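A short worksheet on the structure shown next.
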Amino acid sequence: MRPGGGYDAAVVGLGVTGAAITWFLARRGARTLALDRHRPPHSQGSSHGRTRIIRKAYFESPDYGPLLERAYAGWGAVEREAGVRLFHRTGALTVGRDGGELIERVRRSSREAGVPIRALDPGDLSSLYPALRLEKGWTGILDSEAGVLRAEESVEAFLALAGREGAHLRYEEGMSRWEETGGEVRIETPRGRYSARSVVLSPGPWLPSLAGPKLHLPLQVTREVAAWFRPVHRTMDLGPGRLPVVLQERLREGVGYIVPDFGEGIRVGFHHDGEPTDPDRTAREVKAREVEALRAFLNRAVPDAGGRLVDHSVCLYTSTPDHHFAVGPHPRASRITVVSACSGHGFKFAPALGELVADRVIEGAEPSELAPFAVDRFGPG
Ligand SMILES: Cc1cc2nc3c(=O)[nH]c(=O)nc-3n(C[C@H](O)[C@H](O)[C@H](O)COP(=O)(O)OP(=O)(O)OC[C@H]3O[C@@H](n4cnc5c(N)ncnc54)[C@H](O)[C@@H]3O)c2cc1C
């Protein structure tokens, strides 16, 4: 704490993003308070469910290229410092109609960002990944640097490193209000009052309720389901090495993803498929028809992969209208940095955002990599 009793920085919300930001702040010498209303990692927000995909061939936009390079380097640093393995390289295969939107976006974005990709014809595909089945007229694009991150272990690693650097981690203590006043921000929780020169708001799906009425950020929270299956035949090996990560167009619309089996079942989910929800009232049970839709998608892509259901999970997406992040100063409170890095694809960026947000908080830097994500781009409100 500073001599006056306050912190240099406070981070509110310790999912993967806030946890990474806390580590970068603390390792740079900022006296940092970190609050979470639950005990992270937990399953109420967006950072749980064992695995997350990391890839460079980024259909969302080539603008993410520099941030992805920084993120890959950052994951390496976390693994070295924490002494844990978080990243498993599997490659990622984007599969869709040849000439269709998904495939064309991957091609264009990779070309513009200089990401090496390999287009696979049906022959290549069946010899590299015999378990996969390709629809007629569809094609596959391989990003061989892609892989899988361990979700809960990543949150744990960031928080352990942050604690080691002296951050004050306070769990089961949620912020109830904040006020910017007299060159600092005052924070209240049910257990205490704190002050900090700068506050990072990274509460994931709870951002709309915490940012205050003066923030015009049209976020939508949706309930998204994932399921894990064992293959129909016990001898079928669907582990990494036999299968890459697969991002595949669905027959009608949308995209589904498949994560190879790391010993916990093959994971399958749909991207941006869920219904709007209130994060405090979300139905956490999974319906039979949701499981069957996932099983059917999986079995179409990888025949017989969807046998016994072994687990399922409900997770929350917090999305902006353009599905890009919102990271930067609160337009009406300069000591508050707002961080909404979800829209269903933010996990992989945690160390990059941690580093850049810490630069902003400590030095007042406004990095060009964050420029596309200005919080006020949807209007002043
Ligand atoms: C099913 C699913 C699959 C995904 N797949 C991928 C993927 O493959 N690749 C990828 O890159 N991304 C993926 N994502 C997105 C990624 O997981 C999210 O972008 C990321 O986890 C967001 O983390 P966060 O820290 O912003 O939010 P959260 O993890 O939700 O953390 C917010 C934290 O704030 C805390 N909090 C809330 N209110 C308060 C308060 N008042 N005071 C203090 N603390 C508070 C909460 O308890 C919580 O711990 C996926 C998301 C989901 C749901």
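Quick caveat, the model's predicted, so the values are computed rather than measured. We count ligands from 1, going down the list as the structure has it; atoms in each ligand are counted the same way. Residue numbers count from 1 along this sequence.
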With heavy atoms under 4.0 Å as the rule, classify the contact between [X] and ligand 1 as side chain, backbone, both or neither.
{"X": "Ala19", "value": "neither"}
{"X": "Ile54", "value": "neither"}
{"X": "Cys342", "value": "both"}
{"X": "Thr318", "value": "neither"}
{"X": "His48", "value": "neither"}
{"X": "Pro203", "value": "both"}
{"X": "Arg52", "value": "both"}
{"X": "Ala350", "value": "neither"}

Return the option from His271, His345, Arg267 holding the heavy atom at the smallest distance from atom 3 (C) of ligand 1.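 Closest candidate by heavy-atom distance is Arg267.
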Between Glu173 and Thr189, does any side-chain donor sit less than 3.5 Å from a side-chain acceptor?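 Indeed, the side chains of Glu173 and Thr189 share at least one donor-acceptor pair under 3.5 Å.
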Test item: side-chain donor near acceptor, Thr282 and Thr277, under 3.5 Å: yes
Return yes or no for this condition: an N or O of [X] is under 3.5 Å from an N or O of ligand 1.
{"X": "Phe347", "value": "yes"}
{"X": "Ala341", "value": "yes"}
{"X": "Trp206", "value": "no"}
{"X": "Gly346", "value": "yes"}
{"X": "Leu316", "value": "no"}
{"X": "Glu224", "value": "no"}
{"X": "Tyr317", "value": "no"}
{"X": "Met175", "value": "yes"}
{"X": "Ile53", "value": "yes"}
{"X": "Tyr257", "value": "no"}

Give a yes/no on ligand 1: does [X] have at least one heavy atom closer than 4.0 angstrom to it?
{"X": "Pro40", "value": "no"}
{"X": "Gly344", "value": "yes"}
{"X": "Gln44", "value": "no"}
{"X": "Gly269", "value": "no"}
{"X": "Ser202", "value": "yes"}

A quick test of your reading: do over 12 heavy atoms of other residues, nucleotides or ligands sit less than 6.0 Å from CD of Glu363?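 For Glu363, atom CD is crowded (more than 12 foreign heavy atoms under 6.0 Å).
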For atom CD of Glu264, is the number of surrounding heavy atoms from other residues, nucleotides or ligands below 6.0 Å larger than 12? yes
Is the charged tip of Arg80 near the ring of Trp75: under 6.0 Å from the six-membered ring centre and within 45° of its axis? no
Please name the pair of heavy atoms, one in Ser343 and one in Ser319, separated by the smallest distance, quoted to 0.1 Å.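 Closest approach of Ser343 to Ser319, heavy atoms only: OG-CA, 3.3 Å.
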Just which atoms of ligand 1 are under 4.0 Å from any heavy atom in His42?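 This gives 46 (C), 47 (O), 48 (C), 49 (O) as the contact atoms.
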Going by side-chain contact (heavy atoms from CB on, under 4.5 Å), His330 matches just one of Val338, Val375, Leu217. Which one?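 Filter result, single survivor: Val338.
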With sequence neighbours excluded, residues passing side-chain hydrogen bond (donor to acceptor under 3.5 Å, both in side chains) with His324: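 Counting only residues at least two positions away or on another chain, His324 forms a side-chain hydrogen bond (donor to acceptor under 3.5 Å, both in side chains) with Tyr64.
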Between Asp261 and Arg242 (salt bridge meaning N to carboxylate O under 4.0 Å), is one present in this structure?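 Looking at Arg242 together with Asp261, the answer is no, because their closest N to O distance does not fall below 4.0 Å.
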Among all protein heavy atoms, pick the one closest to atom 29 (O) of ligand 1 and tell me residue, atom and distance. Ser47 OG, 2.5 Å
